[in-house]
Each structure stands twice: as structure tokens, then as C-alpha cells.
Student: 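Pasting a structure here, questions to come.
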Protein chains: 2
Amino acid sequence: MAVSEAKVSISAIPPLDGEGPLWLQIRRSLSLPIVSGRWPSGTRIPTEILLTAHFETSRMTVNKAIQSLATEGLVQRRPKIGTIVTEKARERPVFEIWDPADMVHQSGAHYSYRLIDTAIISSASELSRQFNCDETTPLFQVQCLHLSNKRPFQFEERVINLEAAPKIAHENLHAVSPGQWLLAHVAYTEARHLISARAASEKVANFLELTVGDPCLVVERRTWNANVPVTLGRFWYPGGDHSLHGSFKPSW
Amino acid sequence: MAVSEAKVSISAIPPLDGEGPLWLQIRRSLSLPIVSGRWPSGTRIPTEILLTAHFETSRMTVNKAIQSLATEGLVQRRPKIGTIVTEKARERPVFEIWDPADMVHQSGAHYSYRLIDTAIISSASELSRQFNCDETTPLFQVQCLHLSNKRPFQFEERVINLEAAPKIAHENLHAVSPGQWLLAHVAYTEARHLISARAASEKVANFLELTVGDPCLVVERRTWNANVPVTLGRFWYPGGDHSLHGSFKPSW
DNA sequence: GACTCGTATTTGTATAGTCAATTGAGGTTG
DNA sequence: CAACCTCAATTGACTATACAAATACGAGTC
């Protein structure tokens with residue numbers, strides 16, 4: 001969040017992997033520390049000239065690599081200033097729409113969070129089936145509530161693969177929401193979303209302060225890391241009050 | 001839809017507008033006939049060499065323009081083949097998720113469509129307010145139903161600004177859905193979406209064959225053309241059965 | 001101290017070429 | 001006829017260089 005004015009030294013740049021076009025190698029080399037969080041937002045990455053010398057290539061090649069990072073929003077570039085890691089560069093692809101804290105903050109309200117329940121499940125056929133994994137895979141289950149101005153905003157049910165994220169079982173999830181923790185500690189390579197409308201069950205109605213049967217907007221998010229399922233989250237919103245939104249201008 | 005193997009002749013290329021960087025001018029010049037539908041999908045656009053000669057520039061500049069069209073999905077490029085206008089290049093930004101015909105086809109079912117009602121409304125305070133336009137603006141109202149295997153799939157309520165699309169009032173909307181007609185005949189520069197869950201009203205329940213109060217997924221889409229509102233569509237889906245989905249792999 | 005202006009730094013754009021990779025099409029050969 | 005080969009067309013990648021545009025920063029001025 002804060003603008004850390006750190007500058008990256010050339011020696012901190014990961015080596016090239018030798019696979020594919022040079023500009024893509026350079027791109028990967030630079031994106032790795034960004035998405036892994038080693039270069040936090042605000043970090044200045046070396047100038048094109050320095051990178052040109054470091055990678056022993058031409059400026060156009062380095063330029064192409066960085067430009068492509070810029071068009072994807074991972075970095076911002078300005079003449080004379082340099083290239084800076086974007087705020088929220090890592091979260092962007094997943095969270096641009098669905099981070100509850102963000103949604104609440106954007107509406108100008110106060111965000112808070114309450115952990116409801118956690119459980120370790122060593123063999124649960126029903127959950128394993130939903131999660132689409134082996135029945136012997138140990139799972140971690142969390143339920144929590146996100147609030148806007150102390151009123152329920154989103155009810156979150158989540159299942160986490162303990163083989164993919166063993167440390168979460170010992171984490172203090174009262175202080176940090178499971179979504180935030182996962183984002184900070186577990187990488188993913190793929191995510192899939194599903195949006196539907198469902199009637200509130202008794203449990204959901206209870207937590208969201210609704211009547212059973214009231215319409216809820218439900219977002220399901222699954223993430224994988226190299227084909228290993230990481231987490232399945234189901235997020236319930238009171239149907240009428242809140243809604244997801246998106247807008248765009250075509251770039252033509 | 002069909003692969004028209006048409007080739008674009010150099011003389012069919014719109015002139016440059018002289019504004020901004022040359023590669024963006026070229027990009028605009030090429031994207032205009034694509035998004036306006038003059039070059040249908042499958043059209044081969046001239047080779048880089050030809051464009052280089054036509055625009056009297058270097059190949060790198062032309063390359064940058066076309067590459068940027070390619071990364072946005074408007075065209076596809078392959079060595080020796082050339083550059084081809086993508087299937088659905090125009091619709092992509094709006095319809096990639098929400099075209100009912102597409103959704104039905106993708107699920108392997110049979111798509112059909114039924115017009116329910118149309119009306120011309122010369123001054124309607126309630127609608128005008130929702131549409132956020134002047135009360136004297138003439139509006140065109142449509143209700144229709146999209147079906148999957150003859151079962152209701154989506155109920156569509158739509159308001160269209162007749163000043164932006166005067167000809168739709170005389171169109172045979174039994175044959176073509178208002179969404180398709182608008183896409184083919186009216187340009188837009190901005191779109192905004194809103195997703196929510198709502199209880200089915202009596203009307204909606206009737207058309208979707210639900211019970212009043214059943215949860216429905218509601219997508220609202222508004223489009224503008226240069227700040228002039230074009231259309232407001234409200235699309236109702238039976239909540240449980242169907243759902244929107246999206247997936248992605250980060251490009252790192 | 002506040003304002004102005006020049007300068008250096010960094011990215012943005014453009015040129016003009018070279019060689020590599022892909023693959024359609026046509027011709028050759030068994 | 002089928003399998004293979006060659007050739008040519010087209011995009012992909014890369015180099016080396018030049019000048020333009022934006023702007024932070026510091027020097028000079030009032």
C-alpha cells in the first residue's frame with residue numbers, strides 16, 4: 001500500500017531460463033519477483049539501459065518485455081521517472097472485482113471481518129467430491145463474515161487443500177482473512193469463477209440477516225496451482241442490496 | 001460465422017487521421033473496418049510488407065500496430081498465412097460471456113427466441129429516470145424470451161434510445177433479437193454491467209416458469225455511444241439452473 | 001523564499017535492416 | 001496415388017541507432 005521507494009539492483013534480477021524468445025524470458029524474469037511479492041508495489045525496476053547491458057541485448061528487446069508487463073498492468077512507466085511496480089499488481093487478475101475489503105472501501109464504508117469457524121477434515125466424502133480431489137487429501141474448512149459498516153456484506157465458506165497450504169492451519173485467522181492469507185502465501189496458476197443466484201439457506205440467512213429463501217448472489221472461486229487444487233471459496237452476497245459491476249471502454 | 005476468404009485491397013484501407021503516434025493511427029485505421037463489420041471475420045488483411053509500402057513507414061511500426069490488435073483478439077496471425085479477422089472480433093468485449101445464443105449453443109442445446117412485446121414510449125418518467133435520460137427522449141421498449149431446448153433460459157427487458165437507433169422501431173424483431181440487431185447496426189463506445197440476484201416478480205416468474213420469489217440472476221447492461229445512452233438491457237436467468245462462469249490463467 | 005528555466009534522465013516512437021520459424025502449395029519420386 | 005521434398009510467402013525475433021516527449025531536479029533570478 002505504502003509507496004516504498006526501493007530500487008531494484010541489477011543483481012536481484014532472476015536469471016533467464018533460456019526457453020523461448022528472449023523478450024519473453026526477460027518478461028518472465030521481471031514478472032517473477034513482482035507476482036511473488038519480492039518487489040512490492042512502488043519498487044522501481046532498473047532502467048532499460050541497465051537491463052540492456054545486464055542481459056546483453058538491445059534496448060528494443062528489453063522495451064518489448066517491459067511494455068508487455070505495462071499493458072497487463074503489472075507495472076507503470078513514465079518518462080524520466082522509470083518503471084514502477086503497480087499497486088496491487090499481484091492481486092489484479094483475481095481481485096479486481098471480488099475482494100470484499102476493496103468493495104466495501106470503494107463504497108466509502110467501514111470494512112470489518114469476523115471469523116466464524118474453522119475445522120480440519122481428514123476424510124470427508126461430500127466435501128472432497130465438491131472439491132474434486134482425492135478423499136484422503138486433508139482439507140481445511142473456514143467460514144467467515146465480511147461486514148460493511150458492521151452490517152453483513154459477504155458470507156464466505158471456503159475449503160483449502162492442506163497439502164497445497166499446510167501452514168494455514170496454524171495461522172491466526174482472526175486477524176487476517178483466509179483470502180488475504182492465501183494471496184500472500186500460496187501461488188496459483190489458474191482460477192475459475194462461477195456466478196449464480198440461490199435462495200438463502202437457514203445458515204446463510206442467519207449470518208447475512210436475511211429471511212430463508214431470500215435471493216443471494218453467489219460467487220464461487222476455485223484456484224489451482226499446477227493442476228493441484230488449492231482452494232474453493234463460495235461467497236454469498238445479499239441479493240438486492242449489493243451487486244457486482246464492471247465497465248469498460250473498447251480501446252478502439 | 002462462415003469463413004469468408006475475402007482479401008482486403010490496399011485501397012479499402014481508411015486514411016490515417018494524423019493524431020498521435022503513427023502506430024496508433026495505423027491501428028485505428030485497421031480496427032475501424034473490423035469493428036464496424038465492413039471486414040467480416042475470416043477476412044485477410046494486407047501483409048506487413050504491403051502496409052509498410054502503403055503507409056510509407058517501416059515494418060516494425062506496422063508490426064506494432066497489428067500485434068496490438070492481435071493481443072486484443074481482434075485478429076489472428078500466423079506465419080505464411082497472414083493476418084485474419086477473428087470470429088466474433090466485434091462482439092468479444094461485450095458478448096464473450098453474455099450472449100444468450102452463444103451460451104445455449106455452448107451447452108450443446110438448441111437455441112430459440114420469442115418476441116413478447118414492443119412499445120414506443122414518448123414520455124415515461126419512470127423509464128426515463130431508470131435510463132437516466134431526458135424525459136422527452138423517445139424510447140423503444142422490448143420484452144423477449146431466449147430459450148434453450150424450448151425451455152426458458154433468459155428473459156430480456158430492454159429500453160432503447162430511439163434517437164440513437166431510430167430504425168429499430170420498423171425492424172422485424174420476430175426474426176432477429178434486439179441485442180443482435182443493435183450489435184449489427186449501432187456502435188457503442190462504452191458499456192457497463194451490473195450483476196445482482198433478485199426474487200422473481202410475477203411477470204418474470206411467469207415467463208421463466210418459476211414461482212414468484214424464486215432467486216434469479218440479473219444482469220444489467222447499459223451502453224453508450226459518445227456519452228449518448230443507447231440501450232439498457234435487463235436479463236433475467238433462473239437462479240439455480242444456469243450460471244455465468246469465467247476462467248483464466250495468469251499470463252506469467 | 002518563490003518563481004523560472006535549462007538540463008539530464010528515462011521512456012516513447014520510428015527507421016532499416018537481418019535471420020529464423022512456420023507452413024501452404026506445387027512438384028518429384030517411389 | 002501417396003509420401004516426401006523444395007520453395008516461397010509471411011510473420012516472429014532481434015539488432016543498432018536516432019530523435020522526440022515528458023518531467024524531476026537543480027541552478028539561477030527576482
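Below, all heavy atoms of this structure are taken into account, side chains as well, without hydrogens, waters or symmetry copies. Residue numbers start from 1 in every chain, and the chains themselves are labelled A, B, ... in the order their sequence lines are given, proteins ahead of strands.
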Student: What is the distance from CD of B:Gln67 to C1' of C:dT13, rounded to the nearest Å?
Tutor: 16 Å

Student: How close or far is atom P of D:dT11 from atom CD1 of B:Ile49, stated in whole angstroms?
Tutor: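 From B:Ile49 CD1 to D:dT11 P: 8 Å.
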
Student: Whole Å only: how far is the CZ atom of B:Arg77 from the P atom of D:dA9?
Tutor: 18 Å

Student: OP1 or OP2 of C:dT13 sitting under 4.0 Å from any side-chain N/O of B:Lys64?
Tutor: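 Yes.
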
Student: Out of D:dG12, C:dT9, C:dG12, which has the shortest distance to the side chain of A:Lys80?
Tutor: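 The nucleotide sitting nearest to the side chain is C:dT9.
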
Student: To the nearest 0.5 angstrom, please state how far the CG atom of A:Leu30 sits from the CG atom of A:Leu74.
Tutor: 10.5 Å

Student: Strictly below 4.0 Å, N to O, side chains only: are A:Arg77 and A:Glu48 in salt-bridge contact?
Tutor: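 A salt bridge links A:Arg77 with A:Glu48.
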
Student: Could you tell me how far apart A:Arg44 (CZ) and C:dT11 (C1') are, to the nearest whole angstrom?
Tutor: 13 Å

Student: Under 4.0 Å between a side-chain N/O of B:Arg78 and OP1 or OP2 of C:dG24, yes or no?
Tutor: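 Result: yes.
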
Student: Suppose we call two aromatic rings close when their centres sit under 6.0 Å apart. Are B:His146 and B:Phe153 close by that rule?
Tutor: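 No, the ring centres sit 6.0 Å or more apart.
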
Student: Rounded to the nearest Å, what distance is computed from the CG atom of residue B:Asn63 to the P atom of nucleotide D:dT10?
Tutor: 15 Å

Student: Separation of B:Gln76 atom CD from D:dT10 atom C1', in whole Å?
Tutor: 16 Å

Student: Looking at A:Gln76, I want to see if its CD is surrounded by more than 12 non-hydrogen atoms of other residues, nucleotides or ligands under 6.0 Å.
Tutor: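 For A:Gln76, atom CD is not crowded (no more than 12 foreign heavy atoms under 6.0 Å).
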
Student: Strictly below 4.0 Å, heavy-atom distances to any atom of DNA chain D: list the hits from residues 8-15 of chain B, or just say none.
Tutor: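 Those residues whose heavy atoms fall under 4.0 Å from DNA chain D, taken from residues 8-15 of chain B, amount to none.
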
Student: Can you tell me if B:Thr83 touches the phosphate of D:dT10, counting only side-chain N or O atoms and a distance under 4.0 Å to OP1 or OP2?
Tutor: no

Student: Atom pairs under 3.5 Å, N or O on each side, protein against nucleotides 14-18 of chain D: can you list them with distances?
Tutor:
residue: D:dC14; atom: OP1; partner: A:Leu22; partner atom: N; Å: 2.5
residue: D:dC14; atom: OP2; partner: A:Leu22; partner atom: N; Å: 3.3
residue: D:dC14; atom: OP2; partner: A:Trp23; partner atom: N; Å: 3.2
residue: D:dT15; atom: OP2; partner: A:Thr57; partner atom: OG1; Å: 2.4
residue: D:dT15; atom: OP2; partner: A:Ser58; partner atom: N; Å: 3.2
residue: D:dT15; atom: OP2; partner: A:Ser58; partner atom: OG; Å: 3.4
residue: D:dT15; atom: OP2; partner: A:Thr61; partner atom: OG1; Å: 2.9

Student: Taking NZ, NE, NH1 and NH2 as the nitrogens, is one of them in A:Glu220 or A:Arg158 under 4.0 Å from a carboxylate oxygen of the other?
Tutor: no

Student: For A:Ile81, answer base if it contacts any base atom (sugar-phosphate contacts may also be present), sugar-phosphate if it contacts only those atoms, and nothing otherwise; contact means non-hydrogen atoms under 4.0 Å.
Tutor: sugar-phosphate

Student: How long is the span from the OG1 atom in B:Thr47 to the NE2 atom in B:His54, to the nearest 0.5 Å?
Tutor: 12.5 Å

Student: For the side chain of B:Thr86 and the backbone of B:Gly73, is there at least one donor-acceptor N/O pair under 3.5 Å apart?
Tutor: yes

Student: Tell me whether the guanidinium CZ or amine NZ of A:Arg44 lies under 6.0 angstrom from the six-membered ring centre of A:Trp39 and within 45° of its axis.
Tutor: no

Student: Sort out for me which residue in B:Glu72, B:Lys64, B:Gln67 forms a side chain to side chain contact (heavy atoms under 4.5 Å, CB included) with B:Arg27.
Tutor: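 Result: among B:Glu72, B:Lys64, B:Gln67, B:Glu72 is the only option passing the side chain to side chain contact (heavy atoms under 4.5 Å, CB included) with B:Arg27.
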
